[in-house]
Protein chains: 4
Amino acid sequence: MTTISETIPKRAAQSTAKPVPKGKVKIAKALISLLEEKEFNAITTAQISQRSGVSEALIYKYFGDKRDLLHQVLGGYLDDYLDQLELELRGIKGTLKRLRKLIWSQLNLYESNRVLTQILLLDVRSSPCYFDSESYAQVKRHSKIIMNILEEGVKKGELRRDVPLVSMRQVILGGIEHMCLPKIIYKKRYSPEDLTKDLFKIVLEGIVNRPANNKKTA
Amino acid sequence: MTTISETIPKRAAQSTAKPVPKGKVKIAKALISLLEEKEFNAITTAQISQRSGVSEALIYKYFGDKRDLLHQVLGGYLDDYLDQLELELRGIKGTLKRLRKLIWSQLNLYESNRVLTQILLLDVRSSPCYFDSESYAQVKRHSKIIMNILEEGVKKGELRRDVPLVSMRQVILGGIEHMCLPKIIYKKRYSPEDLTKDLFKIVLEGIVNRPANNKKTA
Amino acid sequence: MTTISETIPKRAAQSTAKPVPKGKVKIAKALISLLEEKEFNAITTAQISQRSGVSEALIYKYFGDKRDLLHQVLGGYLDDYLDQLELELRGIKGTLKRLRKLIWSQLNLYESNRVLTQILLLDVRSSPCYFDSESYAQVKRHSKIIMNILEEGVKKGELRRDVPLVSMRQVILGGIEHMCLPKIIYKKRYSPEDLTKDLFKIVLEGIVNRPANNKKTA
Amino acid sequence: MTTISETIPKRAAQSTAKPVPKGKVKIAKALISLLEEKEFNAITTAQISQRSGVSEALIYKYFGDKRDLLHQVLGGYLDDYLDQLELELRGIKGTLKRLRKLIWSQLNLYESNRVLTQILLLDVRSSPCYFDSESYAQVKRHSKIIMNILEEGVKKGELRRDVPLVSMRQVILGGIEHMCLPKIIYKKRYSPEDLTKDLFKIVLEGIVNRPANNKKTA
DNA sequence: CATGAATGAGCATTCATTCAT
DNA sequence: TATGAATGAATGCTCATTCAT
């Protein structure tokens, strides 16, 4: 996970046979660096050019567009994350454990990568074309991973049948986001473990007071 | 609730002894109308002036600022909603019933007032100064209403004690938002009742399969 | 002199048979008050209206124009000053004494009325229409007073003949202005007496070192 | 001196290794051309762009700011003038001769470069930030040159000791400015030589009628 | 005597983007 | 591969001014 927050996503550098121009890397790094300071829309191509040390024109050579630049950078991050998530989930058995892993992963990603989170939770939302973008495709890929876990859970009888899976997924995703949103907004740190524990309890067992809810659940 | 989506919030028109200039109303209405079509940041003062039929300068006379205009319009809506919500909750007894009412109210507001929802869920999030604004104060007022219900529920022994109330609140709010978010994004309608039922079940009882979860809960 | 700096010039209030509307006075006072804080061009009618407590429209009722307002206020000051100057000079005999009085009067006016000075020395200069204005007529009236003294001085043999009077006048006026200009700019106080002494020596006797110049001259 | 009034100051074009973009020159020339017609504050960026034939945006690329544009143009002129003045003074011996040279230079500059004069004597005065600007630094450089001459004069016993040098300087500067100010305002031509003669006589010997004043002084 | 409502015309400034070299 | 030069099209905002009441 550290590589993601510190360097350009591997995908951009790894791809076979492409020597990856230096300028392209500089530009992407400059954008990331700037995103740590301000919202994407508040970043100008002039600033990107200045910080990267290359000309503005080069941005257009490589990315065609300011938005494209963002989406490519974003895409790199997300693909890496999703690849890793799927990899880790592969080793875990049991619906609940997998669900727990997923929740923790997401909360951990958000905590360890504030820039990405900021963008995903706040910035891109308002962007009109975001939901057609490739990045959003990755968000859907993430949704799918959850759905698979949930479906499996129902099949195995571990999850209840009388609630639509889509609703479950939305509550889980919404829960994750809203657990860390205030922290992001007010720029406070949080413990992914603690939030995972809370969210997991609530979503799994509900908030109603029942004898069962006093047992340890994780 | 219908009045809210079709006219300027009463607050602006009702207040004693202020004749509320026509132009001010026109401007607010024009903004609302434009918000139905595009994101706030994509709306220009020129467009507002054009649609309202008054001069751009008048916007600044009455609202001082483009942002202020948004916040005043937003504020009117939210205050009206919160007033009404508190009123309705006053007549309802029982933590669970009150919680249910609150969830339904919110989902219903979002469904019956897409413009407002769009702004609240997507647009203002990315605005850097939003969280200092008066509108955000109202969001906090809303949070407080939930907290009160939750605290009462714990006191009465209806809600579990082993999970922080704040976490509960965030999951509920996140659940509400994410239940309707896809619908908002893809501009589909939804039934507040159905979503309320789902969300209520999940949040109250959890998603784990247990005999108790097969009983009717609402 | 105190009345000039603290109230509206008498002229505006005194003139026979005109009840001088309250609003007019308020406006003029508001302008003066604002001129103490900022340059005329930086003052808006909105600010004048706000500080005076009357509507913007009233400014136009009474003064027709923002510039007119300035010129009327300016004119009042200057007429009062010139009236007084002429009165005082009437009692003084001897070209040099009269010249000295004039220099001191001007330096004293500038010192005791910074607002007026600021305008006269800095603000109005750049105003394209200033030199056609009534205020400028008063500046010319002032020039004439000097010229009369100088002409008399030449006639009496007290002043040299081999330099055009106009040049003398310009050096005197330029000397006066430049003696106090730095003080005005840097908002420091000065002693009109001291500056008068210096200026008088220089203009009268020149800066060349001669035995005669070591005698007391005032 | 003619180059100064007709072209962009050499400084901007001469400096080694900088190819000085065409647009930048065009903009500066356009400003100068416009300054011949109206006051700086009355000149809009739109007009500059129109007359220069380049886009408004380019002004900001090269000068950052409308004010900066003025100050850069101004600065070029003044630096050139001051460099030349110091050079010429270097060849002249004797306080009085040097003083005379300085007065003539200034009057000649003003006569041969009306635009610059207009700005220096009328426009920039009212600009609140002018006195912090680089241009004003050059004005102070000019003051220093005079002071050096005066100090030397006193040391050598050529100038009187009983008047502060600062006062002398102010009278000289004020004299220079007021000698040509009416000509500038009414757009009449004048002879720098004649005005120099008058001013020199007055400042050096004073206006009082004495036998010595009938001798030739220059 | 006074004003609330409304505005036309303008203004400095911004910024993503293009293209010849 | 890289860029310096240049820009079109907005954009939010200002302010002196008018006029019906």
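This one's a predicted model, so the numbers in the text were calculated from it and none came from an experiment. Proteins get letters first, then strands, A, B, ... in listed order; numbering begins at 1 in each.
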Next item on the list: Check the pair C/E37, C/R51 against salt bridge (Lys or Arg N to Asp or Glu O under 4.0 Å), reporting the backbone distance first and the verdict last.
Entry: CA-CA 13 Å; C/E37 294 163 24; C/R51 184 154 309 187; 2.7 Å; yes
Donor-acceptor pair, [X] side chain versus [Y] backbone, under 3.5 Å?
X     : Y     : value
D/S52 : D/A30 : no
B/S33 : B/K29 : no
A/T45 : A/E56 : no

Rounded to whole angstrom units, what separation is found between the [atom1] atom of [X] and the [atom2] atom of [N]?
X     : N      : atom1 : atom2 : answer
B/K38 : F/dA10 : NZ    : C1'   : 13 Å
C/D65 : F/dT18 : CG    : C1'   : 13 Å
B/I43 : F/dT11 : CD1   : P     : 12 Å
B/K66 : F/dA10 : NZ    : P     : 15 Å
B/E39 : F/dT11 : CD    : C1'   : 15 Å
D/K24 : F/dA5  : NZ    : P     : 10 Å
B/R67 : F/dC13 : CZ    : C1'   : 15 Å
B/I27 : E/dT7  : CD1   : P     : 9 Å

Check: Quick one: is F/dT17 close enough that its OP1 or OP2 comes under 4.0 Å of any side-chain N or O from C/Y60?
Finding: yes
Note to self: With a 4.0 Å cutoff (strictly under), does any side-chain N or O of C/S55 reach OP1 or OP2 of E/dG4?
What the structure shows: no
Item checked: First of B/Q47 and B/G64 reached from the 5' end of DNA chain F, by closest nucleotide -> B/Q47
Note to self: By nearest heavy atom, map A/K22 and C/T44 onto DNA chain F; which one lands nearer the 5' end?
What the structure shows: A/K22
Margin query: Counting C-beta onward and ignoring hydrogens, is there a side-chain heavy-atom pair between A/I43 and A/E39 closer than 4.5 Å?
Written below: no
Notebook entry, point to check: Just checking, C/K66 and C/Y60: is the charged tip under 6.0 Å from the six-membered ring centre and within 45° of the axis?
Noted result: no
Check: Want to settle it: does D/T45 or B/V54 sit nearer the 5' end of DNA chain E, counting the closest nucleotide to each?
Finding: B/V54
Next item on the list: Tell me which of C/Y62 and A/K61 sits closer to the 5' end of DNA chain E, going by the nucleotide each one is nearest to.
Entry: C/Y62
Notebook entry, point to check: Counting side-chain heavy atoms from C-beta on, which of F/dT3, E/dT14, E/dA16 comes nearest to A/E56?
Noted result: E/dA16
Next item on the list: Note every stem involving DNA chain F: at least three consecutive Watson-Crick or G-U wobble pairs, i with j then i+1 with j-1, with both distances under 3.5 Å.
Entry: E:2-21 with F:2-21
Next item on the list: Output, in order, the C-alpha distance, side-chain angles, deciding distance and verdict of side chain to side chain contact (heavy atoms under 4.5 Å, CB included) for D/L120 and D/L78.
Entry: CA-CA 10 Å; D/L120 246 30; D/L78 288 178; 3.7 Å; yes
